[in-house]
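Below you'll find the structure, written out as structure tokens, and then a few comments.
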Amino acid sequence: KQQQMDKLWSWFSGRTSDSGQNPDMTNKCYVIHGYKGCYYFNKAIRTAEEVKKTNPHVRVEIIEVAYPEWQTHLQTTKQTAGIDHAHRTSPFVMEGCGSSQVVGGCSDFVKLVRNRHKP
């Protein structure tokens with residue numbers, strides 16, 4: 001597992017602009033919803049923490065609920081944001097500073113991060 005995590009983190013070294021910031025990540029915000037104890041929710045959180053280490057301008061909000069409340073929370077979140085998306089699992093990741101665009105689940109978030117931080 002450590003080798004997989006090390007490989008994942010190797011994607012975060014990324015390129016930088018003259019200002020020292022990755023131009024693809026300026027003013028990015030992510031909201032990660034999930035339930036306590038979910039492996040994939042925790043993996044998404046770890047991924048976000050690594051992104052923040054190399055891109056301090058990235059904001060991440062973590063919203064954790066109890067497992068029995070998960071489906072209700074997910075449906076309410078999607079309705080409130082006006083999102084018509086079939087995603088049903090934990091985590092549910094959204095992107096946007098003030099607006100919401102669905103990223104998807106953990107694997108979608110990891111893929112997005114990898115694409116934005118290619119060395």
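For this chain, numbers begin at 1 and follow the sequence in order. Heavy-atom basis, side chains included; hydrogens, waters and symmetry copies ignored.
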Measuring from [X]:[atom1] to [Y]:[atom2], what's the distance to the nearest 0.5 Å?
{"X": "Cys38", "Y": "Lys43", "atom1": "SG", "atom2": "NZ", "value": "11.0 Å"}
{"X": "His57", "Y": "Cys29", "atom1": "NE2", "atom2": "SG", "value": "10.5 Å"}
{"X": "His85", "Y": "Thr77", "atom1": "NE2", "atom2": "OG1", "value": "14.0 Å"}
{"X": "Ile45", "Y": "Ile32", "atom1": "CD1", "atom2": "CD1", "value": "6.5 Å"}
{"X": "Ser107", "Y": "Arg114", "atom1": "OG", "atom2": "CZ", "value": "10.0 Å"}

* **Salt bridge flag under 4.0 Å for residues Arg46 and Glu49** => no
Closest non-hydrogen atom pair between [X] and [Y], with its separation:
{"X": "His87", "Y": "Lys78", "answer": "O-NZ, 2.8 Å"}
{"X": "Val65", "Y": "Glu69", "answer": "CB-OE1, 4.1 Å"}
{"X": "Ser90", "Y": "Gly34", "answer": "OG-CA, 3.3 Å"}

May I ask you to test the [X]-[Y] pair for a side-chain heavy-atom distance under 4.5 Å?
{"X": "Val113", "Y": "Val110", "answer": "no"}
{"X": "Val60", "Y": "Lys52", "answer": "yes"}
{"X": "Thr89", "Y": "Tyr40", "answer": "no"}
{"X": "Leu112", "Y": "Tyr30", "answer": "yes"}
{"X": "Lys28", "Y": "Arg116", "answer": "yes"}
{"X": "Val102", "Y": "Phe92", "answer": "yes"}

* Any idea how His73 and His33 line up, ring-wise: parallel (<30°), tilted (30 to 60°), or perpendicular (>60°)? -> tilted
* Are Ile83 and Met94 close enough, and set up right, to give a side-chain contact (heavy atoms from CB on, under 4.5 Å), and what steps lead you there? -> CA-CA 10 Å; Ile83 297 170; Met94 299 186 325; 3.4 Å; yes
* **side-chain contact (heavy atoms from CB on, under 4.5 Å) between Val93 and Asp108, intermediate numbers included** => CA-CA 8 Å; Val93 183; Asp108 300 310; over 6 Å; no
* Tell me whether the centres of the aromatic rings in Phe41 and Tyr35 are closer together than 6.0 Å. => no
* Please answer: with hydrophobic residues joined when any side-chain heavy atoms are less than 4.5 Å apart, are Trp70 and Ile62 in the same cluster? => no
